[in-house]
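Everything numeric in this text was worked out from a predicted model, so none of it was measured.
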Amino acid sequence: MTVMSPLFRRAPRRAPQDRLVTLVRKPGCHLCDDAQQVIEKVCAELGVDWEQKDITEDKALYDQYWEQIPVVLVDGEQHTFWRVNEDRLRKALTD
């Protein structure tokens, strides 16, 4: 039996419906509005839940991301910031 090193093991694949996208944004941010449009489209196509969090209402998010708004998290892990690429987000949710 061959044992694969933990460095090369891939995390179990999750169905898109079991994923969560989080948009960390702030009011009046045009890049945040653009990101939201992409997220809404991709998540609707794949049946993925998404949420948004206002950086001005959460000190921990503010401290961590204030220079990168908007920030997109997939399952709690940072996926991207500033600009959201539709194809890259779709791939992250289906791989």
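Put simply, the side chain of Leu89 reaches to within 4.5 Å of the side chain of Val74, judged on heavy atoms. Side-chain contact between Thr80 and Asn85 is absent, with no heavy-atom pair separated by less than 4.5 Å.
Cluster membership check: Val24 does not share its hydrophobic cluster with Val72, using side-chain heavy-atom separations under 4.5 Å among Ile, Leu, Val, Met, Phe, Trp and Tyr. Residues Ile69 and Phe81 share a single hydrophobic cluster, defined by chaining ILVMFWY side chains whose heavy atoms lie under 4.5 Å apart.
Across all non-hydrogen atoms, the minimal contact from Tyr65 to Leu73 is OH-CD2, 3.5 Å. Across all non-hydrogen atoms, the minimal contact from Arg19 to Asp95 is NH1-O, 3.9 Å. The nearest pair of heavy atoms linking Trp66 to Asp63 is CD1-O, 3.8 Å. Among all heavy-atom pairs drawn from Arg88 and His79, the shortest one is NH1-O, 3.0 Å. Here the closest heavy-atom approach between residue Asp58 and residue Leu61 is recorded as OD1-N, 3.0 Å.
Atom CD of Glu40 sits about 9.0 Å away from atom CG of Leu23, to the nearest 0.5 Å. Going from atom CZ of Arg90 over to atom NZ of Lys41 covers 6.5 Å, rounded to the nearest 0.5 Å.
When the side chain to side chain donor-acceptor pair (under 3.5 Å) test is applied to Gln64, no partner is found at least two apart in sequence or on another chain. Scanning for side chain to side chain donor-acceptor pair (under 3.5 Å) contacts around Gln78 gives Gln68, with sequence neighbours left out.
A donor-acceptor contact shorter than 3.5 Å links the side chain of Asp75 to the backbone of Leu20.
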With a cut-off of 3.5 Å and sequence neighbours excluded, list every side-chain donor-acceptor pair involving residues 25-35.
{"unit_1": "Arg25", "atom_1": "NH1", "unit_2": "Gln36", "atom_2": "OE1", "d": "2.6"}
{"unit_1": "Arg25", "atom_1": "NH2", "unit_2": "Asp33", "atom_2": "OD1", "d": "2.6"}

- request: Evaluate the criterion side-chain contact (heavy atoms from CB on, under 4.5 Å) for residue pair Val42 and Val48; output intermediate values, then yes/no.
  value: CA-CA 8 Å; Val42 172; Val48 174; over 6 Å; no
query: Should Val21 and Asp49 be marked as a side-chain contact (heavy atoms from CB on, under 4.5 Å) after you check the CA-CA gap, both sets of side-chain angles, and the distance that decides it?
result: CA-CA 6 Å; Val21 174; Asp49 288 332; over 6 Å; no
